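Heads up: the structure comes next, in structure tokens.
Worth saying up front: this structure is predicted, and the values here are computed from it rather than measured. What's counted below: heavy atoms across the whole structure, side chains too, no hydrogens, waters or symmetry copies. Throughout, residue positions are numbered sequentially from 1 according to the sequence presented.
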Amino acid sequence: MTILLGVTGFYGTENPDGVTVNCGLDHNRFIISDRPFNGSRKAELQRPAFCPIKNLSAEQAASLPEEISGRGVDVGVAILLESVNKRILLTRRSKGLHIFPNVWVPPGGHMEDGEELLDAGLRELQEETGISLRGANLPWSILGLWESASPPLLSRGLPTRHHIVTYLLVSSNETHQELQEKLCPDEQEVSACVWLDQDIAEQIVATGDGEEDSGRKRPGTQTSVMITEVSGRSLTQKPLPLTSLLRTAPVDGEDTERVSTGTKYALALWLETLRREDVTQSPLQTL
């Protein structure tokens with residue numbers, strides 16, 4: 001486990017919580033560097049200000065067992081699946097999971113030996129949601145990298161896992177309604193799914209984790225969103241209070257249903273891509 005500085009802090013001399021890096025796979029290893037290398041892509045690497053890896057004291061770091069401090073950094077891949085009508089799929093992790101139970105995230109997981117980033121993400125997408133896009137040759141890009149730890153706050157205990165999550169944006173040529181028809185989630189991992197539009201994503205991104213107030217929504221906006229709940233092989237449409245998606249990470253105590261901090265970061269990057277598309281597609285103004 002990279003301690004004290006963390007990966008972001010090691011490269012982020014000017015901003016310890018965010019830095020532009022070069023990343024890519026090299027001989028089955030995920031490499032992050034401050035310099036370009038063969039096959040690398042530029043990406044933003046970020047972590048929350050309350051990241052446990054950043055806030056460990058020297059004494060706390062020294063107290064970590066060798067099997068934890070020496071295990072290194074796990075690499076994960078998460079897919080932000082964008083429908084052609086600009087919706088993003090999130091899944092709610094099952095309550096029985098050890099890490100981030102009942103929290104909303106994009107489909108994703110750890111890479112297996114020999115996998116490419118996209119292959120790993122699409123495999124996890126299919127395993128968790130039943131949506132198969134492997135071989136579809138869809139446009140994709142790296143949105144950004146996120147450094148995190150579990151537990152996510154020092155108030156919940158010393159970190160036992162250290163992660164770098166690579167968020168990939170995959171653009172489908174189908175609407176979210178068409179993709180919805182292909183849903184067959186794995187109940188062991190997913191308890192519900194939701195398709196977010198731009199407005200809801202903006203409200204989620206506006207909520208700052210680490211703050212005391214939680215679940216605020218814009219005045220006059222919708223009060224709920226439709227989700228698909230999973231029960232065995234049955235899928236049920238039901239409304240979920242929008243406040244459940246706007247909650248922030250509790251400073252202490254048990255976690256609650258919310259959108260993960262890393263997911264908010266990825267959604268913010270997705271919204272940036274939409275704004276760039278709007279600028280590109282805007283008609284030229286003439287005087």
Side-chain angles (χ1 to χ4, degrees), residues 1-12 18-47 51-54 64-81 91 93 97-100 105-150 152 159-171 186 188-190 260 262-263 265-266 269:
M1 176 179 292
T2 304
I3 55 177
L4 298 185
L5 284 177
V7 180
T8 312
F10 179 81
Y11 290 109
V19 63
T20 301
V21 296
N22 301 277
C23 64
L25 287 175
D26 180 42
H27 294 90
N28 206 33
R29 297 179 303 162
F30 187 70
I31 305 296
I32 294 175
S33 174
D34 55 355
R35 286 176 279 188
F37 56 91
N38 185 35
S40 67
R41 297 169 181 249
K42 280 192 176 297
E44 294 300 313
L45 168 62
Q46 193 164 314
R47 67 180 175 187
C51 177
I53 304 299
K54 169 188 175 182
L64 292 172
E66 173 60 28
E67 62 267 23
I68 293 177
S69 61
R71 67 171 291 144
V73 183
D74 295 322
V75 178
V77 181
I79 293 285
L80 270 78
L81 176 58
T91 60
R93 290 171 59 81
L97 294 174
H98 178 64
I99 299 177
F100 296 120
V105 298
H110 291 103
M111 297 180 65
E112 296 181 353
D113 288 344
E115 279 189 316
E116 297 292 329
L117 289 171
L118 181 61
D119 293 336
L122 294 182
R123 172 183 53 76
E124 289 286 349
L125 173 70
Q126 183 173 0
E127 289 176 359
E128 294 183 11
T129 71
I131 297 176
S132 177
L133 299 178
R134 287 188 277 189
N137 196 30
L138 297 173
W140 69 280
S141 61
I142 295 179
L143 273 178
L145 310 179
W146 181 253
E147 181 176 17
S148 68
S150 179
T160 58
R161 304 289 292 272
H162 187 184
H163 302 88
I164 294 290
V165 179
T166 305
Y167 288 104
L168 305 183
L169 176 64
V170 175
S171 301
D186 179 0
Q188 299 301 312
E189 298 194 56
V190 173
S260 79
T263 301
Y265 164 65
L269 294 176

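- The side-chain heavy atoms of D34 and N22, taken from C-beta on, include no pair separated by under 4.5 Å.
- Rounded to the nearest 0.5 angstrom, L168 CG and L125 CG are separated by 11.0 Å.
- Atom SG of C23 is separated from atom CG of L117 by 7.5 Å, given to the nearest 0.5 angstrom.
- Inter-residue side-chain proximity for H110 and D74 is flagged as met; some heavy-atom pair is nearer than 4.5 Å.
- No donor-acceptor pair under 3.5 Å is formed between the side chain of S40 and the backbone N or O of P36.
- We find the CG-CD1 distance between L45 and I164 to be 5.0 Å, quoted to the nearest 0.5 Å.
- No donor-acceptor distance shorter than 3.5 angstrom exists from the side chain of S150 to the backbone of P152, with no hydrogens or angles considered.
- L133 has its side chain within reach of L138: a pair of non-hydrogen atoms, C-beta onward, lies under 4.5 Å apart.
- Contact check on E127 versus R123 returns a salt bridge, with a Lys/Arg side-chain nitrogen under 4.0 Å from an Asp/Glu carboxylate oxygen.
- Remark: the E147 side chain and the H162 side chain contain an N/O donor-acceptor pair separated by less than 3.5 Å.
- The shortest side-chain heavy-atom distance between V21 and F10 does not fall under the 4.5 Å cut-off.
- Under the 4.0 Å criterion applied to side-chain N and carboxylate O atoms, R134 and D119 are not assigned as salt-bridge partners.
- For the atom pair OG1 (T166) and CG (L143), the distance works out to 11.0 Å, reported to the nearest 0.5 Å.
- Listed by first then second residue, pairs satisfying salt bridge (charged side-chain N to carboxylate O under 4.0 Å, His left out) with a partner in residues 18-28 read D26-R29, not counting sequence neighbours.
- Other residues, nucleotides and ligands contribute over 12 non-hydrogen atoms within 6.0 Å of the CG atom of N28.
- Looking only at side-chain heavy atoms (C-beta outward), E44 and Y265 come within less than 4.5 Å of each other.
- Here the closest heavy-atom approach between residue V77 and residue A120 is recorded as CG2-CB, 4.3 Å.
- When side chains are defined from C-beta on, I31 counts as touching F37, because their heavy atoms get closer than 4.5 Å.
- Under the 4.5 Å side-chain criterion, counting only non-hydrogen atoms from C-beta, E115 is not in contact with L25.
- Closest of all the heavy-atom pairs between W140 and R41 is CZ2-NH2, 3.5 Å.
- The CH2 atom of W146 sits 5.5 Å away from atom CD of Q46, with the distance rounded to the nearest 0.5 Å.
- Using a 4.5 Å heavy-atom cutoff, the side chains of V165 and V75 are not in contact.
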Between Q188 and D186, does the side-chain contact (heavy atoms from CB on, under 4.5 Å) criterion hold? Intermediate values first, please. CA-CA 5 Å; Q188 299 301 312; D186 179 0; 3.4 Å; yes
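- The minimum heavy-atom distance between I53 and A149, with the atom names listed, is CG1-CB, 3.9 Å.
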List the steps and the verdict of side-chain contact (heavy atoms from CB on, under 4.5 Å) for R71 and R161. CA-CA 8 Å; R71 67 171 291 144; R161 304 289 292 272; 3.4 Å; yes
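- Contact record, I142 with A43: CG2-CB, 4.0 Å, taken as the closest heavy-atom pair.
- Between P106 and L80 the shortest heavy-atom distance is CG-CD1, 3.7 Å.
- The only member of E128, E124, Q126 that meets side chain to side chain contact (heavy atoms under 4.5 Å, CB included) when paired with P107 is E128.
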Would you check, one step at a time, whether the test side-chain contact (heavy atoms from CB on, under 4.5 Å) holds for T8 with K54? CA-CA 9 Å; T8 312; K54 169 188 175 182; over 6 Å; no
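- Nearest heavy atom pair, residue I32 against residue Y11, reads O-OH, 2.7 Å.
- Atom OG of residue S148 and atom CD1 of residue I99 lie 9.0 Å apart, to the nearest 0.5 angstrom.
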